[in-house]
Amino acid sequence: MAQAVEEWYKQMPVITRSYLTAAIVTTIGCSLDIIAPSHLYLNPRLVVQKYEFWRLITNFLYFRKMDLDFMFHMFFLARYCKLLEENSFRGRTADFFYMLLFGASVLTGIVLVGGMIPYLSESFAKIVFLSNSLTFMMVYVWSKQNPFIHMSFLGLFTFTAAYLPWVNVYPRMTGRRPLRTPSFIKALFADDPVVVARPANVRFAQPPAPELHQD
């Protein structure tokens, strides 16, 4: 059993394995009083005035209590983050990391802006950990990347993933990529070559000859 778990862990792609490990270690450390959650939560005042920039990262690593809810989130993280990195972002580790970085930045920005809006600031002030939100973001992205996959809820009923949102269709419609991964992030993660095996005894048709247009 232990060997199977170890093998499963080693086969995880690098970003998924790193985030899952950091989340479990941080949550266990807080449960054992080795780490104080008060040093991890998102506090804009401490970030700006005390330069505690680590809070922008650590608030995504703590999942509160180690209960059933924690187990569900670890399952979502291990499953959907892994599926995204292995399939939709296969061979593009830098792009996957940038996607997570962009999502985390958007979530942080929403909380910070919401905290400055009258009548809403009190509600947003209660949002001090965004780990659950980032996990659900990955589930959402996966569902939009795989809109026709059949899924089951507790074996009671089946459904298909949601349709692709406009933001995923925009680059295909316009040819523009406003969220192109920056070169310095590309330099951190070498893209793995994706090799597609050619089936044996299968002949492929020759590409069509270019058409000649006469004036």
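Computed from a prediction, not measured in an experiment: that's the story for all the values here. FYI, the numbering just counts along the sequence from 1.
- Atom CD1 of Ile24 is separated from atom CG of Leu61 by 11.5 Å, given to the nearest 0.5 angstrom.
- Figure legend: Arg55 and Tyr41 shown as a cation-pi pair, the cationic atom lying under 6.0 angstrom from the six-membered ring centre and within 45 degrees of its axis.
- Ile57 and Leu42 are assigned to two separate hydrophobic clusters, defined by single-linkage of ILVMFWY side chains at heavy-atom distances under 4.5 Å.
- By the rule that hydrophobic residues join a cluster once side-chain heavy atoms approach within less than 4.5 Å of another member, Ile28 and Met74 end up as members of one cluster.
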Next on the checklist: Using side chain to side chain contact (heavy atoms under 4.5 Å, CB included), reason through Asp69 and Asn132 one step at a time and then give a plain yes or no.
Outcome noted: CA-CA 10 Å; Asp69 183 69; Asn132 291 356; 4.2 Å; yes
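- In this structure, Glu85 contributes its side chain and Ile15 its backbone to a donor-acceptor pair below 3.5 Å.
- Two different hydrophobic clusters hold Ile110 and Val48 under the rule that ILVMFWY side chains link at heavy-atom gaps under 4.5 Å.
- Contact detail for Thr16 and Ala78: the closest heavy-atom pair is CG2-O, 4.4 Å.
- Environment of CG in Leu101: crowded, with over 12 heavy atoms of neighbouring residues, nucleotides or ligands closer than 6.0 Å.
- Side-chain atoms of Leu40 and Phe129, non-hydrogen and from C-beta on, do get closer than 4.5 Å to each other.
- Note: Phe63 and Tyr19 have tilted aromatic rings, judged against thresholds of 30 and 60 degrees for the angle between ring planes.
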Checklist entry - What's the verdict on side chain to side chain contact (heavy atoms under 4.5 Å, CB included) for Thr27 and Arg64, showing C-alpha distance, side-chain angles and the deciding distance? => result CA-CA 7 Å; Thr27 305; Arg64 310 297 180 105; over 6 Å; no
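- Both Leu100 and Val106 are part of a single hydrophobic cluster, where members link through side-chain heavy atoms under 4.5 Å apart.
- Taking each heavy atom of Gly115 and Ser121 in turn, the nearest pair found is O-CB, 3.0 Å.
- Inter-residue side-chain proximity for Tyr51 and Phe53 is flagged as met; some heavy-atom pair is nearer than 4.5 Å.
- Atoms CZ and CE, on Phe102 and Met137 in that order, are 9.5 Å from each other to the nearest 0.5 Å.
- Between Glu86 and Lys82, at least one side-chain nitrogen of the basic residue sits less than 4.0 Å from a carboxylate oxygen of the acidic one, meeting the salt-bridge criterion.
- Of the inter-residue distances, the one linking Phe96 atom CZ with Met99 atom CE reads 4.5 Å to the nearest 0.5 angstrom.
- Taking CD1 of Ile34 as the reference point, atom OG1 of Thr26 lies at 11.0 Å (rounded to 0.5 Å).
- Taking CZ of Phe97 as the start and CG of Asp95 as the end, the distance is 12.0 Å to the nearest 0.5 Å.
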Item to check | side chain to side chain contact (heavy atoms under 4.5 Å, CB included) evaluation trace for Asn43 with Val128 | outcome: CA-CA 7 Å; Asn43 187 316; Val128 293; over 6 Å; no
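- In terms of heavy-atom proximity, Leu84 sits nearest to Met138 at CD1-O, 3.5 Å.
- In terms of heavy atoms, Leu130 sits closest to Val111 at CD2-CG2, 3.8 Å.
- Across Thr58 and His39, no two heavy atoms sit closer than the pair OG1-O, 4.3 Å.
- Of the possible polar contacts, none joining the Trp54 side chain to the Val47 backbone as a donor-acceptor pair under 3.5 Å is found.
- Between His73 and Phe136, the angle of the ring planes goes over 60°, which puts this pair in the perpendicular group of the 30/60° scheme.
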Item to check | side chain to side chain contact (heavy atoms under 4.5 Å, CB included) evaluation trace for Leu83 with Arg79 | outcome: CA-CA 6 Å; Leu83 287 174; Arg79 176 174 173 80; 4.0 Å; yes
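- Both Trp8 and Tyr80 belong to a single network of hydrophobic side chains, linked directly or stepwise wherever heavy atoms of I, L, V, M, F, W or Y lie under 4.5 Å apart.
- Between the side chain of Ser131 and the backbone N or O of Tyr62 there is at least one donor-acceptor pair closer than 3.5 Å.
- Interatomic distance, CZ of Phe76 versus CG of Leu134, reported as 14.0 Å (0.5 Å rounding).
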Item to check | Tyr9 and Thr21: CA distance, side-chain angles, deciding distance, side-chain hydrogen bond (donor to acceptor under 3.5 Å, both in side chains) verdict | outcome: CA-CA 10 Å; Tyr9 177 78; Thr21 302; 2.5 Å; yes
